[in-house]
Amino acid sequence: MSDKRPNVVLVITDDQGYGDLGCTGHPWLKTPRIDAFHDDAVRLTDFHVSPLCTPTRGALMTGRRPVRNGAWATCWGRSILRKSETTMADVFGAAGYRTAMFGKWHLGDNYPYRPQDRGFQHVVAHKGGGVGQTPDFWGNNYFDDTYFHNGAPVEHVGYCTDVWFDEAIRFIEGCADGQSVSGEAGSDAPFFVYLSTNAPHTPYLVSEEYARPYRGNPEVPEPEFCGMIANIDENFGRLRRRLAELGLEEDTVLVFMTDNGSSGGSELDENQHVVRGYNAGMRGKKGSYYDGGHRVPFFLRWPGGGLDGGRDVDEMSLHIDVLPTFIDLCDLDAPDVNFDGRSLARLLHGGQASLPGDRVHFLQYRQDTVPPEKWTNAVMTRRWRLVRGEELYDIKADPGQRKDVAADLPGVVERLRGAYDAWWDEISSGFEAYCPITLGDPAENPARLCAMDVLGDVAWHQTHIAQARKSTGTWAVEIEQPGRYRFSLRRWPAERDLAIDGTIPHEEARTLIYAPEDARSGEIRPVEARLSLFDEERSEPLESGDKTAEFTLAVCSTGTTLLHASLIDENGDIQGAYYVDVERLDEAE
């Protein structure tokens with residue numbers, strides 16, 4: 001076993017479920033490279049995340065459950081990780097690691113929540129929860145897109161997944177050559193890479209060569225979904241091969257996992273049982289509190305640490321366990337944090353068969369601005385699943401969750417409800433607190449607010465902007481210091497450079513990533529703009545052809561408040577601004 005601190009490469013894919021791999025039994029999907037990795041890895045066979053992407057990613061980064069760390073929804077101002085949280089990258093960076101992330105972040109696109117603010121020294125990423133969503137560079141569509149290098153837009157050639165792996169491999173090659181993150185020679189520090197693909201999240205787009213093998217099979221609901229996974233498999237094999245060529249495989253902890261249940265691998269009936277496709281015998285998929293929504297693959301290999309050879313670990317394990325486990329495996333200093341998770345290091349090494357005690361875990365999220373409601377949840381132990389406080393399943397005897405045994409075992413139901421009651425009392429007091437976006441800080445000045453992060457009705461992808469979908473135009477913000485600020489209200493992002501009452505051609509509307517075939521650009525005809533901050537409201541007239549509505553204010557108050565930005569037409573109909581660029585100009589006079 002090596003005494004050297006290992007490198008760590010964590011690969012996580014988006015919306016790929018437990019059953020969406022050949023090695024987990026899929027009868028049609030071919031993933032030979034990940035299968036080969038599975039065969040020589042330590043495998044957590046009962047590993048669970050959250051049913052949706054942001055809650056999983058926040059829990060993974062912090063070792064703390066989503067409703068505690070603030071990131072419990074995918075937009076609505078609730079997909080932002082509290083700035084008080086210590087991240088995985090913070091921990092690795094404090095230990096001298098070179099840290100980098102590639103692909104999907106989805107835990108905040110503004111300071112102080114961006115990945116480069118949370119411990120990652122090198123970042124190549126899209127914005128929002130997927131390529132082509134509202135915060136992302138306008139017109140990105142998986143192919144030849146503009147992504148952000150430490151916040152700066154850079155044009156790329158190629159398919160999104162290929163780009164993430166290309167950039168990660170380039171970073172690893174630089175580390176192997178002894179370069180620091182900024183490119184200087186002479187660094188021999190280990191590296192931590194978080195490689196987070198947006199694939200195979202919807203929309204299902206991939207080159208035909210990958211989708212073609214799955215066309216014509218009546219049991220495959222989404223050939224492109226399978227093709228996206230085949231492309232991931234190819235890239236994962238390329239990553240492994242390059243690590244071996246660079247002589248890094250022995251001393252690298254390499255992990256493959258996914259962020260929630262499958263989105264495109266199966267079709268379900270009204271009771272969330274599979275009627276077409278494959279889901280490894282589980283009930284539910286993405287978004288579900290049944291196991292198909294949150295049980296995912298987790299394979300780890302570290303030859304230099306004795307973690308290889310192919311072995312199963314059957315203990316129930318969780319996304320919140322990953323950071324504590326890395327701390328133990330890599331001999332990192334633990335931060336002063338009360339983790340919800342536990343280290344699995346001894347399980348991985350075979351030093352123990354199970355964690356002590358009867359572990360109880362709580363799954364909770366809500367897709368809304370308002371906090372989660374009690375009993376919209378699942379309570380989990382090694383044996384039991386209590387769903388929404390009423391349905392009870394013996395997961396060992398009934399892995400497909402077909403027989404509700406709550407009426408037969410009221411004592412088990414009462415015990416799990418009691419555990420949930422105690423946990424709810426502990427965490428519910430913090431639900432109302434927002435993660436406000438900081439305005440006026442030199443780290444991001446100007447800052448761009450967008451309609452994905454508004455409180456209430458959101459326009460979460462670019463087709464919504466084109467269609468003029470209603471949005472509230474309300475953000476939780478924090479003014480750190482007084483000064484003179486300019487607020488520029490927009491319908492279209494600055495890079496698209498259109499008038500507020502302008503529309504895009506139908507041909508362009510159809511190319512936007514979430515567009516239906518009959519996509520059309522909707523009109524708004526505002527005659528007035530309004531801005532409210534610290535309960536002080538201003539208004540300005542708008543003329544046809546204006547690209548922005550600008551307000552320059554002397555802001556004397558500091559702290560957290562709500563910013564309201566609205567566009568009003570001649571009938572008094574109010575539409576929230578989709579984008580607001582905020583720049584602190586200088587000290588207030």
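Computed from a predicted model, the values in this text were never measured in an experiment. FYI, side chains are in, hydrogens and waters are out, and symmetry mates aren't considered; it's all heavy atoms of this structure.
Here the two rings, on W105 and Y113, have centers that are 6.0 Å apart or farther. Aromatic ring centres of W138 and W492 lie closer together than 6.0 Å. Checked against the 6.0 Å centroid threshold, H122 and F102 count as a close aromatic pair. Aromatic pair F256/F236: ring centres closer than 6.0 Å.
Here the shortest heavy-atom pairing between D20 and L29 reads O-CD2, 3.2 Å. Shown here for T146 and P153, the closest heavy-atom pair between the two residues is CG2-CB, 3.6 Å.
By the neighbour-count criterion of 12 heavy atoms within 6.0 Å, atom CD of E495 is densely surrounded, having more than that number from other residues, nucleotides or ligands.
N7 and D251 share no side-chain donor-acceptor pair at under 3.5 Å. No side-chain N or O of S187 forms a donor-acceptor pair with one of Q179 less than 3.5 Å apart. Checking Y204 against S263 by side-chain atom types alone, a donor-acceptor pair falls below 3.5 Å. Between the side chains of D314 and T45, at least one donor N or O lies within less than 3.5 Å of an accepting N or O. A side-chain N or O of T31 and one of D35 form a donor-acceptor pair less than 3.5 Å apart.
Residue S50 is tested with H294, H319, Q364, R65 for a side chain to side chain donor-acceptor pair (under 3.5 Å); the sole match is H319. When the options T161, T197, D162 are evaluated for a side chain to side chain donor-acceptor pair (under 3.5 Å) with N235, the one that passes is D162.
Within the 4.5 Å cutoff, no side-chain heavy atoms of Q462 are placed close to those of Q133.
Figure legend: R43 and F299 shown without cation-pi pairing, the cationic atom not lying both under 6.0 angstrom from the six-membered ring centre and within 45 degrees of its axis.
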